[in-house]
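Working notes for the structure below.
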Amino acid sequence: MTESDAQQDGRTLSRRADGGSPRRHAVVIGGGLAGLLAAHVLAEHADRVTLVERDRFPEEPASRSGVPQDRHVHVMLESGQNALEMLLPGINAELRELDVPRLGMPDDIVQWQAGRWYRRTAATTHILTGSRPLTDWAVRRRVLSGPRIEVVEGVEVTGLAGDARRVRGVRLRDRGAVVGKEPRVLEADLVVDASGRSSRAPAWLAALGAEPPHEELLDSGLAYASAVYRASRDGDSPFGGVYVVANATQPLGAVLLPIEDDRWFVTLSGMRGSEPPTDEAGFTEFAARLPHPVLHEWLLKAEPVSPVHGFRKTANLRRRYDRPGRRPAGFLATGEALCAFNPVYGQGMSVAALSALALREALSDPRRVPTTHRVQRALFAAARPAWDISAGADKKMPGATGNAVGSRTVDRPVDWYLHRVEQRATGNPVVGAAFRRVLSLSAPATSLFAPSVARAVLFGPVPWTPPEPPLEPETDATAR
Ligand SMILES: Cc1cc2nc3c(=O)[nH]c(=O)nc-3n(C[C@H](O)[C@H](O)[C@H](O)COP(=O)(O)OP(=O)(O)OC[C@H]3O[C@@H](n4cnc5c(N)ncnc54)[C@H](O)[C@@H]3O)c2cc1C
């Protein structure tokens, strides 16, 4: 791209300096969380934003076919809550008013990891555990109430308009319209792909004669099965939730977390060859195979209020739009269309919010012309820490496949260190807090090498942890 191309490209994205330039129009493909939040930010810069969504949005919080993962547990990490709050001030309080539970970690949750139970010491981070349909609905209500955003529902993007140098719009077809009917073109100065992990943008770019992005894939073969329950009425649960983390030698995982309206999500997971069944009896039996019966016993007393739903598209998949290539100006990818993660780390929604903040920053930076490439790199950088955690952990899973599996030698000392971190995080509150900050995307992985943490990791013994799931949080009186 020449300097003058870059400047022209930048002008289509940045805030208009004078009132006289042509009206700018941005199109966002997909109204999931990444698309909604990107549209919200673009509306601060463009004259008009059109959000194109293949589904029709439900009036009330409800599942929809374009987001099949919304039938599975979704946690919002602290970094995601903070980013959401910066984008939509007051949203976390709104979510709490809608009955979204907020849980402290590790004190509220009984967590099994690295073959050990976490001590339930004082919380150092909090998660929000509302259902995905409710979270989407609350964010959608806020974003779409803003000015300059128009929604086109029940309409599918089927391709891009323009050429290999510049994208000039999208091709649209009503959902369910006769295939073969000529799609109509919606012109735009900027197109943002937020259509999720199954994005077809690489093929659309190729059809313009541009270079599709290199794709990095790492698939642990993880399968999810989830159902919603009401807890047994005989007394309060002795915990706010249960979390069983699989590892290379123990392929089963589980999450039990409260959602709004006094209901609970139970998600069971298994690596390749240990997939959880999707019939109710098989689901309950699978829970009995977890390393401890605590969740199975809870399930036996609880009442299912939904069928069991399965989900298998859980690979880490990253599209390298950030790398140089013959790609057109005026096209960006964000959210899972750019980088999708193994969901077990609970990162995707938070990364969607962090990416929207990165978009805002890149478009507002007075020192730099926000060329497509620059903004795309900022979006890539926003997803990178989550990728490093998710793909880094999945590389070690036996049976992991994909072109991103190959381990580098430099990983070995890091793996050795991280193994010691994991072992100590369960019982040493300092190491545990540092580990949780990284996992919640609130601190970089390098913070695990801070002196206070490194001392315990390198020289400290493996600390005491409870031999059984601790049914009470620790207080000053009970702390060891
Ligand atoms: C089983 C599972 C559990 C998860 N758990 C968590 C969790 O605990 N915490 C967390 O933070 N994240 C979790 N995630 C990830 C999270 O769901 C996503 O990262 C998050 O939804 C952001 O995705 P998105 O907006 O990029 O895409 P999506 O939510 O997939 O939305 C894409 C949207 O694009 C629309 N669309 C697609 N194609 C077109 C088209 N051609 N034209 C028009 N519209 C189109 C779809 O209808 C949809 O509305 C989980 C994911 C899975 C699979």
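Note that ligands are numbered from 1 as they come in the structure, with each ligand's atoms numbered from 1 the same way.
Listed by number with element, the atoms of ligand 1 under 4.0 Å from a non-hydrogen atom of Tyr224 are 1 (C), 3 (C). Distances below 4.0 Å separate heavy atoms of Val52 from the following atoms of ligand 1: 43 (C), 44 (N). Atoms of ligand 1 lying under 4.0 Å from any heavy atom of Gly335, numbered from 1 in the order shown and given with element: 26 (O). Those atoms of ligand 1 with a heavy atom of Val155 less than 4.0 angstrom away are 43 (C). Of all atoms in ligand 1, listed by their number and element, those nearer than 4.0 Å to a heavy atom of Ala194 are 32 (C), 33 (C), 34 (O). Below 4.0 Å from some heavy atom of Ala34 lie the following atoms of ligand 1, by number and element: 24 (P), 25 (O), 26 (O). Against a heavy-atom cut-off of under 4.0 Å, Ser350 is close to the following atoms of ligand 1: 11 (O).
The two residues Arg323 and His214 make their nearest non-hydrogen contact at NH1-CD2, 3.5 Å. Across all their heavy atoms, Trp264 and Gly240 have their closest contact at CZ3-O, 3.3 Å. The shortest heavy-atom contact between Arg142 and Ser145 is O-OG, 2.7 Å. In this structure, Ala356 and Ala38 approach most closely via the heavy-atom pair CB-N, 4.4 Å. The two residues Thr372 and Gly330 come nearest to each other via the heavy atoms OG1-N, 2.9 Å.
Protein heavy atom in closest approach to atom 35 (C) of ligand 1: Glu53 OE1, 3.3 Å. Among protein heavy atoms, the minimum distance from atom 11 (O) of ligand 1 is reached at Met349 N, 2.7 Å. The protein heavy atom nearest to atom 9 (N) of ligand 1 is Val75 O, 2.9 Å. What sits closest to atom 45 (C) of ligand 1 on the protein, heavy atoms only, is Arg54 CB, 3.8 Å. Atom 42 (N) of ligand 1 has Val157 N, 3.0 Å as its closest protein atom, hydrogens excluded (heavy atom only). Of the protein's non-hydrogen atoms, His74 CD2, 3.4 Å is the one closest to atom 6 (C) of ligand 1. From the protein, the heavy atom lying nearest to atom 23 (O) of ligand 1 is Glu336 CG, 3.6 Å. With hydrogens left out, the protein atom closest to atom 30 (O) of ligand 1 is Gln69 NE2, 3.4 Å, a heavy atom.
You'll find the side chain of Arg197 stays beyond 4.5 Å of the side chain of Gln69, heavy atoms only.
In this pair, His72 and His309 present their aromatic rings perpendicular. The plane angle is above 60°, beyond the 30 to 60° band.
A salt bridge links Arg184 to Asp174: one of the charged nitrogens lies within less than 4.0 Å of a carboxylate oxygen.
Applying the ring-ring contact (aromatic ring centres under 6.0 Å, His included) test to Phe331 and every residue at least two apart in sequence or in another chain returns Tyr321. Annotation: ring-ring contact (aromatic ring centres under 6.0 Å, His included) contacts of His292 (sequence neighbours excluded): Trp117.
Screening Glu78, Arg436, Arg437 for a side chain to side chain donor-acceptor pair (under 3.5 Å) with Thr125, the sole residue that qualifies is Glu78.
In the model, Asp70 has a side-chain atom that pairs as donor or acceptor with a side-chain atom of Ser63 under 3.5 Å. Side chain to side chain, Asn92 and Glu85 meet the donor-acceptor criterion of an N or O pair below 3.5 Å.
Of the polar atoms of Leu33, at least one N or O is found under 3.5 Å from an N or O of ligand 1, judged by distance alone. Distances between N or O atoms of Lys313 and those of ligand 1 include no value under 3.5 Å.
By the 4.0 Å heavy-atom criterion, Met76 is excluded from the residues contacting ligand 1. The closest approach between any non-hydrogen atom of Arg64 and ligand 1 is below 4.0 Å.
Closest heavy-atom approach to atom 4 (C) of ligand 1 within the set Ala337, Gly348, Pro343: this belongs to Pro343. Comparing Gly32, Gly30, Ala223 by heavy-atom distance to atom 31 (O) of ligand 1, the nearest is Gly32.
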